[in-house]
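Worksheet: one structure, shown below.
Since we're looking at a predicted model, the values are computed, not measured. These values consider heavy atoms only, across backbone and side chains, with no hydrogens, waters or symmetry-generated copies.
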Amino acid sequence: MARQIYTSAFLHLATIFFIFRTISAVRFPPGPTTTNDLDFIRTSCNATLYPDVCFTSLAGYASAVQYNPVRLARLAIGVSISRAKYTTAYLSKLSRASASAAVHDCVSNVGDAMEKMRGSLRQLREMNHRRPGAPTFRFQMSNVQTWMSAALTDEETCTDGITEEMEDGETKAAVCEKVADVKRFTSNALAIVNTYAIRQ
């Protein structure tokens with residue numbers, strides 16, 4: 001029991017570290033949070049499938065995002081990447097103690113999803129530093145949307161494999177909930193990206 005508590009605490013701290021590291025890399029300017037900033041986050045999150053999860057995870061960065069939709073999109077993807085890192089760490093640890101092929105496949109699925117989200121984030125950053133001859137805005141946004149959608153598909157593939165192949169029990173339920181958590185964040189990030197793309 002003590003070992004489980006230690007592992008859970010370690011993974012929780014790792015999640016906080018990953019989120020801080022990912023969001024810090026965006027280099028948003030600091031500033032006081034205003035009602036308008038929070039309203040922008042709340043309104044944007046209302047377009048997602050999980051608005052409460054969205055607002056709770058992003059509201060703390062409202063002063064950095066301000067009323068900037070591309071910053072919000074980058075932030076949402078960054079938070080989703082952090083959740084995927086946490087889940088990958090959990091699945092990797094579990095796979096070392098499990099003979100389940102579904103768990104091993106899940107590690108690969110969520111890892112692939114994380115790489116696609118990183119690609120989306122890189123593309124969004126490049127759009128703010130355009131070079132002569134760079135792809136058009138629409139093409140770049142299409143890349144971001146395609147990679148985020150593919151990331152969500154990878155996560156769903158993981159869930160499908162666990163549901164079909166693992167025996168019912170606490171481990172199966174825990175894995176499904178961890179991956180479902182990542183899917184909620186990825187779905188929200190994709191919705192925010194799609195809204196940004198439509199309005200440009």
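- For the residue pair Ser63 and Asp37, the shortest heavy atom distance occurs at CA-OD2, 3.9 Å.
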Handout entry: Full working for side-chain contact (heavy atoms from CB on, under 4.5 Å) between Cys106 and Leu94
Key = CA-CA 11 Å; Cys106 246; Leu94 183 62; over 6 Å; no

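- Linking Ile, Leu, Val, Met, Phe, Trp and Tyr residues whenever their side-chain heavy atoms come within less than 4.5 Å leaves Trp147 and Met117 in two separate clusters.
- Using modelled atom types, no side-chain atom of Asn188 and backbone atom of Thr48 make a donor-acceptor pair closer than 3.5 Å.
- Note that CG of Leu91 is 9.0 Å distant from NZ of Lys178, once rounded to the nearest 0.5 Å.
- The main-chain N or O of Arg138 is never found under 3.5 Å from a side-chain atom of Ser142 such that the two would form a donor-acceptor pair.
- The backbone N or O of Gly78 lies less than 3.5 Å from a partner atom in the side chain of Ser82, making a donor-acceptor pair.
- Hydrophobic clustering (ILVMFWY, side-chain heavy atoms < 4.5 Å, transitive): Val182 and Val193 are in distinct clusters.
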Handout entry: Met148 and Gln145: CA distance, side-chain angles, deciding distance, side-chain contact (heavy atoms from CB on, under 4.5 Å) verdict
Key = CA-CA 5 Å; Met148 289 303 297; Gln145 291 171 289; 6.0 Å; no

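- At distances below 3.5 Å, at least one donor-acceptor pair connects side-chain atoms of Lys172 with backbone N or O atoms of Thr163.
- Residue Ile77 comes nearest to Ser120 through the heavy atom pair CD1-CB, 4.1 Å, listed as atom of the first residue, atom of the second, then distance.
- The line from OH of Tyr50 to SG of Cys45 is 14.0 Å long, rounded to the nearest 0.5 Å.
- Here the straight-line distance linking atom OG1 of Thr43 with atom CG of Leu38 works out to 10.5 Å at 0.5 Å rounding.
- A donor-acceptor distance shorter than 3.5 angstrom exists from the side chain of Thr195 to the backbone of Ala191, with no hydrogens or angles considered.
- Ion pairing between Arg184 and Glu177 holds under the 4.0 Å rule for side-chain N and carboxylate O.
- Atom OG of Ser57 and atom CZ of Arg83 lie 8.5 Å apart (nearest 0.5 Å).
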Exercise for the section: For Tyr196 and Met141, run side-chain contact (heavy atoms from CB on, under 4.5 Å): C-alpha distance rounded to whole Å, both residues' side-chain angles, the deciding distance at 0.1 Å, then the answer. Expected result: CA-CA 9 Å; Tyr196 171 57; Met141 280 308 303; 3.7 Å; yes

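- Of all heavy-atom pairs between Ile192 and Ala76, the closest is CD1-CB, 3.9 Å.
- Val175 and Val110 fall within a single hydrophobic cluster, where Ile, Leu, Val, Met, Phe, Trp and Tyr are joined by side-chain heavy atoms under 4.5 Å apart, directly or via other members.
- Closest approach of Arg74 to Leu121, counting heavy atoms only: O-CD1, 3.6 Å.
- For the atom pair Lys116 NZ and Ile81 CD1, the distance stands at 13.0 Å (nearest 0.5 Å).
- When all heavy atoms are compared, the tightest approach of Met166 to Ala102 is CG-CB, 4.2 Å.
- At a threshold of 4.5 Å between side-chain heavy atoms, the hydrophobic network of Ile, Leu, Val, Met, Phe, Trp and Tyr places Leu72 and Val79 in one connected group.
- Put simply, CG on Leu190 and OG on Ser80 are 9.5 Å apart, with the number rounded to the nearest 0.5 Å.
- Asp39 has a carboxylate O that lies under 4.0 Å from a charged side-chain N of Arg42, or vice versa, which qualifies the two as a salt bridge.
- For Asn68 against Val70, the heavy-atom pair with the smallest separation is OD1-CG1, 2.9 Å.
- For the side chain to side chain contact (heavy atoms under 4.5 Å, CB included) test with Leu58, the passing option among Val65, Ile41, Val53 is Ile41; the others fail.
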Problem - Check against side-chain contact (heavy atoms from CB on, under 4.5 Å), Glu155 and Asn109 - result: CA-CA 6 Å; Glu155 293 160 5; Asn109 294 145; over 6 Å; no

